[in-house]
Every structure is written in structure tokens, then in C-alpha cells.
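This report concerns only the one structure given below.
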Amino acid sequence: MNMNKSLTSKDYRKIFFLYGIVYATIPIIICEIIWDIIFDGIGLKVGLYRDIVESFFRAALIEETFKFFGFTKANKKYQFSNEKEYMIAAGMIGLAYGIVEKLASGNGMSIILGIIFPMHLLWQMNQGRHLFKYQKAKEENNHKEAKKELFLGTFVIFLIHGCWDSIISLVSYFASESNLANSDLIGGILFIITILFGLTYIIVSIIKIKKVLKNNKKVSKKVKM
């Protein structure tokens, strides 16, 4: 007899479409359109300064806020019970937005990069892991650990997202500004840093994801009678 009722593939599909698209992606798109209207209206020219600001606030802050909102709504509905469910459910929301974002860009290179570096998926899967640990620490009245995990699952994800988009903006800037001294060299260095960071983040994330899945199998065997 299995004591825990696990989420099914149907549940995860619903999380993807309802909580990932409706609760997260659509509000993000609406807010980003409003952002563009406001900033175009006040005459802030498109350029490096605006790109950096938008990397942290138009992209990272707005996107991470609504992805987090979508996850909390899904958690309220399904009441995720273990680390695997937290991780995969959060990942479904990140995947939903990542797919829509790349398709909406209409840029072939952006789609290819999104496949090679599925950052939205990984950011949210890591967020799910931290939020599970945050919840466990709260239940154990370990306030210090709870604060740390909440910090890692929210602010750090936002910071990584903003820095990732900022560095990509800097690479594009130096690649297009041929009049700047050593622009190709600086752009090349930043490009290498971006690739190395992306690959490192992917490898570390995959290792941690595999560990969660492996641990979940062990727990599942223990609860079966």
C-alpha cells in the first residue's frame, strides 16, 4: 500500500498550462508590454543603459515574481509533499514561460540558445528545491535555515537571472560597437564567461536534480507496504 499519493503526469501538464501559462506567462507578457509603453513614452532610448535596467527589472523582477506567484498558486492547489514535487512543479512553470518567451521572440538563434541553455527551467527547478527546504525548516522551527533557503530560492534566483541577461546585453553591445577600443576583445571575454557560467550552472543543476530524483525513489520504496 502506497501511503503518499504522488502527482501524475496529468497534474504536471495542468501545472504547465494553467499555472505556468495563465498565472505566470500571460501576466508577465502584459506587464512587459506596459513597461515598454511607459519607457518608450518617457523617451528612454534603447541602449546599453536601458538594457541593463531592463535585465534586472523588466526581465528578472517581473518574470521571477509571476513565476513564483504561479508556483504558490499551484502549491496551494496540490499541496506538494516532497522535494521532487516541489522541483518538478516549479520546473513546469519555468519551462512554460521559457518556451513561450523563445517562440515569441521569433529569433532562431534565441530559440537555439534556449534549447542549449534552458535557464528558466533550471532556475525554477532550483527554486523548487530551495522552497521545499524552506518549508521543511519552517516545520522544524529552524528559522535561520528557513531564511537562508528562502533567500536562495527567491533573491538569489532573481540576481542570477538579472546578471545572466545583463551579461548577454553587454556581449551584444560590445559585438556591435566596432568604434570602441578593444570592443571585440571585451565582447569575446564576456562571451566566454557567459558560456562557462551557463555550462557550469547546467552541470551543477543536473547533478542536484538527479540527487533529488534518486533520493525520492529511496523514500518511495520505504513508504510502500
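Note that the structure is predicted; figures quoted are calculated from it, not measured.
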_Run the salt bridge (Lys or Arg N to Asp or Glu O under 4.0 Å) test against Lys148 and tell me which residues pass, sequence neighbours left out._
Glu145
*Taking Asn75 for its side chain and Phe80 for its backbone only, find out whether a donor-acceptor pair lies under 3.5 Å.*
yes
*Walk me through it: do Ile168 and Leu190 pass the test side-chain contact (heavy atoms from CB on, under 4.5 Å)?*
CA-CA 8 Å; Ile168 292 174; Leu190 289 173; over 6 Å; no
_Residue pair Tyr86, Phe71: steps toward the side-chain contact (heavy atoms from CB on, under 4.5 Å) verdict_ = CA-CA 9 Å; Tyr86 270 78; Phe71 174 80; 3.5 Å; yes
*Where Leu152 and Ile157 come nearest, the two heavy atoms and their spacing*: O-CG1, 3.5 Å
*Mind listing the closest non-hydrogen atom pair of Ser55 and Ser166 along with its distance?*
CB-OG, 3.3 Å
_When you group the ILVMFWY residues by side-chain heavy-atom contacts below 4.5 Å and let the links chain together, are Tyr173 and Ile195 in the same group?_
yes
*What salt bridge (Lys or Arg N to Asp or Glu O under 4.0 Å) pairs are there with at least one residue in residues 191-211, not counting sequence neighbours?*
none
*Spell out, yes or no, whether Val204 and Leu159 are grouped together once hydrophobic residues are joined by side-chain heavy atoms under 4.5 Å, including indirect joins.*
no
*Are Trp123 and Ile206 grouped together when hydrophobic residues (ILVMFWY) are joined by side-chain heavy atoms under 4.5 angstrom apart?*
yes
*Check whether any side-chain heavy atom of Leu213 lies under 4.5 Å from a side-chain heavy atom of Met87, and answer yes or no.*
yes
*Do Phe66 and Tyr23 touch side chain to side chain, with heavy atoms closer than 4.5 Å?*
no
*Can you see which heavy atom on Ile62 is nearest to which on Cys31, and at what distance?*
CG2-CB, 3.8 Å
*asked:* Taking the side chain as everything from C-beta on, heavy atoms only, tell me whether Leu170 gets closer than 4.5 Å to Thr194.
replied: no
*If you take all heavy atoms of Ile115 and Pro118, which pair is closest and at what distance?*
O-CD, 3.8 Å
*Return each pair, listed once, that meets side-chain hydrogen bond (donor to acceptor under 3.5 Å, both in side chains) where at least one residue sits in residues 149-160; pairs must be two or more places apart or across chains.*
His130-Glu149
*asked:* I need the full list of salt bridge (Lys or Arg N to Asp or Glu O under 4.0 Å) pairs touching residues 7-35, with sequence neighbours left out, sorted by first then second residue.
replied: Glu32-Arg58
_Could you check whether any side-chain heavy atom of Lys147 comes within less than 4.5 Å of a side-chain heavy atom of Tyr134, counting everything from C-beta outward?_
no
*Which atom names give the shortest non-hydrogen contact between Gly20 and Thr25, and what distance separates them?*
O-OG1, 2.7 Å
*Begin with the C-alpha distance, continue with both residues' side-chain angles, and end with the deciding distance and a verdict on side-chain contact (heavy atoms from CB on, under 4.5 Å) for Ile202 and Ile116.*
CA-CA 10 Å; Ile202 289 170; Ile116 298 173; 5.7 Å; no
_Any side-chain heavy-atom pair of Arg129 and Asn126 under 4.5 Å_ = yes
_Any non-hydrogen side-chain atom of Phe56 less than 4.5 Å from a side-chain atom of Phe158?_
yes
*Please list all pairs passing the salt bridge (Lys or Arg N to Asp or Glu O under 4.0 Å) test where one or both residues lie in residues 77-94, with sequence neighbours left out.*
none
*Any side-chain heavy-atom pair from Phe191 and Ile167 closer than 4.5 angstrom?*
no
*Is the closest side-chain heavy-atom distance between Ile15 and Tyr12 below 4.5 Å?*
yes
*Nearest non-hydrogen partners of Gln127 and Phe68, listed with the distance*: NE2-CD1, 3.9 Å
_Is there a side-chain contact (heavy atoms from CB on, under 4.5 Å) between Phe117 and Leu199? Walk through the geometry before answering._
CA-CA 8 Å; Phe117 299 102; Leu199 291 175; 4.1 Å; yes
*Please, which pairs that meet side-chain hydrogen bond (donor to acceptor under 3.5 Å, both in side chains) have at least one residue in residues 62-72, sequence neighbours excluded?*
Glu63-Tyr97, Glu63-His161, Glu64-Lys67, Glu64-Gln124, Glu64-His161, Lys67-His120, Lys67-Gln124
_Shared hydrophobic cluster for Ile33 and Leu61 (ILVMFWY, side-chain gaps under 4.5 Å)_ = yes
